Amino acid sequence: MTSEHDTQFKSALEAALANLGQASLSEKQITQLVKHYSLMRAWNRRVNLTRIVEPDEAARLHYADSLFGGRFIEHARRVLDIGSGAGFPALPLAVLRPDVEVTALEANQKKSVFLNEARDELGLANFKVATARLESFDLAGYDLLTSRALDRAEEILPPVIAHINAHQRFMLYCAPDLLAKINNLHGSMIEVKTHRVPQAESRLIAIFSRAG
């Protein structure tokens with residue numbers, strides 16, 4: 001049974017995607033994202049997944065923001081989301097691109113259980129969950145690494161970005177101040193291109209790759 005929150009979220013999501021100039025999703029994809037939102041609200045009562053749960057804010061700041069990054073997946077076949085939390089951007093990207101294998105790396109056991117349940121509820125065959133710490137996880141097999149709203153990102157991510165190989169890119173969802181901190185640390189062998197999220201002056205996506 002669809003709740004009032006779910007109905008509001010669906011309308012807000014469709015409006016947010018239109019404002020971003022994002023290609024419209026299929027009815028199946030919209031239904032999957034509504035189901036994830038509903039599940040996230042239910043779980044959030046007992047596990048601290050996110051402080052943003054109201055339909056309009058969640059649609060804009062979590063889902064549309066995550067989906068905007070989909071245009072930068074390009075030819076990547078395997079994507080790893082570092083510190084996925086409630087599933088952003090990993091789960092919306094997996095919904096958007098069923099042809100791409102998306103893995104959510106999450107060290108927190110309870111959040112990993114949530115992500116596994118979300119995968120099963122949404123029927124996402126291309127979505128995997130890895131319950132492990134970043135420092136013990138092999139990143140080499142992924143074409144695109146990504147991260148969004150990771151705690152202590154300015155400490156954790158620079159070494160990861162500095163060591164991406166020639167076949168990898170790193171897609172960071174961030175604000176300008178975080179990008180400035182990371183840019184000062186990742187080294188001259190890495191180049192970065194930035195893309196502002198439309199209608200969100202404080203949000204951008206930075207794509208890091210190995211220079212040359």
Side-chain angles (χ1 to χ4, degrees), residues 2 6-7 9-43 49-50 55 58-106 111-132 137-150 164 167-173 195 197-198 205 207 209:
T2 303
D6 292 350
T7 300
F9 170 76
K10 180 180 178 182
S11 297
L13 177 61
E14 290 170 341
L17 292 176
N19 287 337
L20 285 179
Q22 189 77 20
S24 59
L25 302 180
S26 69
E27 190 61 34
K28 177 184 177 181
Q29 289 170 318
I30 291 289
T31 298
Q32 287 175 314
L33 293 177
V34 172
K35 189 174 290 186
H36 176 258
Y37 169 72
S38 181
L39 193 63
M40 183 180 73
R41 280 183 60 89
W43 269 70
L49 294 173
T50 176
R60 289 186 298 107
L61 302 179
H62 280 330
Y63 293 84
D65 190 76
S66 294
L67 290 165
F68 180 70
R71 63 189 65 190
F72 308 111
I73 290 178
E74 298 177 356
H75 302 298
R77 307 309 326 146
R78 299 186 74 210
V79 175
L80 179 72
D81 180 25
I82 297 171
S84 199
F88 304 109
L91 193 137
L93 292 179
V95 168
L96 180 67
R97 290 289 302 271
D99 59 316
V100 174
E101 179 189 296
V102 180
T103 299
L105 178 63
E106 177 52 58
K111 292 178 181 178
S112 288
V113 172
F114 165 75
L115 291 170
N116 276 303
E117 182 171 326
R119 177 200 61 211
D120 295 343
E121 287 288 323
L122 275 61
L124 285 176
N126 65 321
F127 182 70
K128 298 183 177 183
V129 181
T131 308
F137 194 80
D138 185 3
L139 308 178
Y142 296 90
D143 310 305
L144 179 66
L145 310 176
T146 187
S147 188
R148 179 183 179 275
L150 180 70
I164 59 174
H167 306 292
Q168 290 178 317
R169 291 176 298 136
F170 193 108
M171 177 169 67
L172 177 65
Y173 293 73
H195 308 270
V197 178
I205 287 179
I207 309 292
S209 59

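All figures in this text were calculated on a predicted structure; none of them were measured in a lab. Sequence positions, counted from 1, serve as the residue numbers for this chain. Atoms considered below: every heavy atom in the structure, side chains included; atoms not considered: hydrogens, waters and symmetry mates.
- The closest side-chain heavy-atom distance from Leu124 to Val95 is below 4.5 Å.
- Between Leu25 and Leu67, some side-chain heavy-atom pair lies under the 4.5 Å cut-off.
- In this structure the side chain of Glu117 reaches within 4.5 angstrom of the side chain of Trp43, judged on heavy atoms.
- Interatomic distance, His62 NE2 to Leu13 CG, rounded to the nearest 0.5 Å: 13.0 Å.
- Within the 4.5 Å cutoff, side-chain heavy atoms of Pro92 are placed close to those of Leu33.
- Taking CZ of Arg119 as the reference point, atom CZ of Phe127 lies at 8.0 Å (rounded to 0.5 Å).
- Side-chain N or O atoms of Arg169 include none that pairs as donor or acceptor with a backbone N or O of Ile207 at under 3.5 Å.
- Here the side chain of Asn126 pairs no donor or acceptor atom with the backbone of Asp99 at under 3.5 angstrom.
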Met171 and Val79: CA distance, side-chain angles, deciding distance, side chain to side chain contact (heavy atoms under 4.5 Å, CB included) verdict:
CA-CA 10 Å; Met171 177 169 67; Val79 175; 6.0 Å; no
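- A heavy-atom distance below 4.5 Å is not found between the side chains of Phe68 and Pro89.
- For His167, the NE2 atom counts as loosely surrounded, since its 6.0 Å shell holds 12 or fewer non-hydrogen atoms of other residues, nucleotides or ligands.
- Using a 30° and 60° split on the angle between ring planes, Tyr63 and Phe9 fall in the perpendicular class, above 60°.
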So Phe137 and Leu80, side chain to side chain contact (heavy atoms under 4.5 Å, CB included) or not? Walk me through it.
CA-CA 11 Å; Phe137 194 80; Leu80 179 72; 3.8 Å; yes
Run the numbers on Asp6 and Lys35 for salt bridge (Lys or Arg N to Asp or Glu O under 4.0 Å), then give the verdict.
CA-CA 8 Å; Asp6 292 350; Lys35 189 174 290 186; over 6 Å; no
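- Pairing each heavy atom of Pro98 with each of Gln29, the nearest pair is CD-NE2, 4.5 Å.
- Between the side chain of Ser112 and the main chain of Glu106, a donor-acceptor pair closer than 3.5 Å is present.
- The distance between the ring centers of Phe114 and His36 falls below 6.0 angstrom.
- Separating the CD1 atom in Ile205 from the CG atom in Asp65 is a distance of 6.5 Å, to the nearest 0.5 Å.
- Rounded to the nearest 0.5 Å, atoms OG1 (Thr103) and OH (Tyr142) are 4.0 Å apart.
- The shortest distance between side-chain heavy atoms of Val102 and Arg97 does not fall below 4.5 Å.
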Using the side chain to side chain contact (heavy atoms under 4.5 Å, CB included) rule, take Val100 and Leu144 through it: C-alpha gap first, then chi angles, then the decisive distance, then the call.
CA-CA 11 Å; Val100 174; Leu144 179 66; over 6 Å; no
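- Within the 3.5 Å criterion, the main-chain N or O of Ala104 finds no donor-acceptor partner in the side chain of Asp81.
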Output, in order, the C-alpha distance, side-chain angles, deciding distance and verdict of side chain to side chain contact (heavy atoms under 4.5 Å, CB included) for Arg71 and His195.
CA-CA 11 Å; Arg71 63 189 65 190; His195 308 270; over 6 Å; no
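- Side-chain contact between Met40 and Leu91 is absent, with no heavy-atom pair separated by less than 4.5 Å.
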